[in-house]
Amino acid sequence: MQQRNPTEIKEKILGIIKERGPSLPVQIAGGIALSPLFTSAFLSELLQDKKIKMTNMRVGSSPVYYIDGQEEGLEKYSQYLKSKEKE
């Protein structure tokens with residue numbers, strides 16, 4: 001198994017979110033060719049470092065991750081909200 005630099009992985013994740021807008025962990029995992037479990041760990045570190053934000057909204061059981069200024073892009077996930085939350 002090839003060793004990968006954690007800093008490089010985090011930068012790649014940030015690049016994906018900047019390019020694609022708000023994203024689910026599984027979408028990001030596909031973009032960096034890493035398992036969703038490890039991707040979630042990196043997302044957690046980026047969240048702790050305040051480099052990304054996480055919604056309270058869930059798509060299935062997954063939160064949506066985004067960067068400041070991408071709030072409008074969250075609308076594409078509104079179809080997954082329950083009717084009370086949509087209001």
Side-chain angles (χ1 to χ4, degrees):
M1 186 172 171
Q2 181 184 358
Q3 287 273 335
R4 293 173 68 180
N5 181 343
T7 304
E8 185 180 302
I9 293 171
K10 289 179 188 178
E11 288 302 318
K12 210 168 189 182
I13 289 172
L14 287 171
I16 288 170
I17 297 173
K18 285 177 186 172
E19 181 183 313
R20 297 182 185 173
S23 303
L24 294 167
V26 70
Q27 295 168 326
I28 297 166
I32 60 171
L34 206 58
S35 77
L37 180 66
F38 282 114
T39 301
S40 292
F42 282 109
L43 287 166
S44 185
E45 287 183 22
L46 288 167
L47 188 63
Q48 189 175 10
D49 294 343
K50 299 190 185 322
K51 298 203 182 225
I52 60 173
K53 292 186 174 190
M54 179 179 75
T55 63
N56 289 325
M57 169 179 55
R58 301 279 178 185
V59 176
S61 61
S62 297
V64 179
Y65 293 90
Y66 65 101
I67 295 172
D68 261 339
Q70 293 183 330
E71 290 80 4
E72 281 186 24
L74 294 170
E75 288 179 21
K76 68 182 177 184
Y77 294 100
S78 65
Q79 67 194 34
Y80 299 103
L81 293 175
K82 296 176 183 146
S83 59
K84 284 186 178 184
E85 292 173 326
K86 280 184 185 179
E87 293 173 13

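Note that the structure is predicted; figures quoted are calculated from it, not measured.
- For the atom pair CD1 (Ile17) and OH (Tyr65), the distance works out to 9.0 Å, reported to the nearest 0.5 Å.
- Partners of Gln27 by side chain to side chain donor-acceptor pair (under 3.5 Å), not counting sequence neighbours, listed by chain and number: Tyr77.
- Within the 3.5 Å criterion, the main-chain N or O of Val59 finds no donor-acceptor partner in the side chain of Ser61.
- Distance CD1/Ile32 to CD1/Ile13: 4.0 Å, rounded to 0.5 Å.
- With hydrogens and angles disregarded, no donor-acceptor distance shorter than 3.5 Å links the side chain of Glu8 to the backbone of Asn5.
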For residues 38-55, run the donor-acceptor check on the side chains, cut-off 3.5 Å, and write out each pair with its distance to 0.1 Å, sequence neighbours left out.
unit_1 : atom_1 : unit_2 : atom_2 : d
Thr39  : OG1    : Ser35  : O      : 2.9
Ser40  : OG     : Pro36  : O      : 3.0
Glu45  : OE1    : Lys10  : NZ     : 2.6
Lys53  : NZ     : Asp68  : OD1    : 2.8
Thr55  : OG1    : Met57  : O      : 2.9
Thr55  : OG1    : Val64  : N      : 3.1
Thr55  : OG1    : Val64  : O      : 3.4

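- For residues 11-21, no residue pair satisfies the salt bridge (charged side-chain N to carboxylate O under 4.0 Å, His left out) rule, not counting sequence neighbours.
- Side chain of Glu75 to main chain of Gly73: no donor-acceptor pair is present (N/O by atom type, distance under 3.5 Å, no hydrogens or angles).
- Here the closest heavy-atom approach between residue Gln70 and residue Gly21 is recorded as NE2-CA, 3.5 Å.
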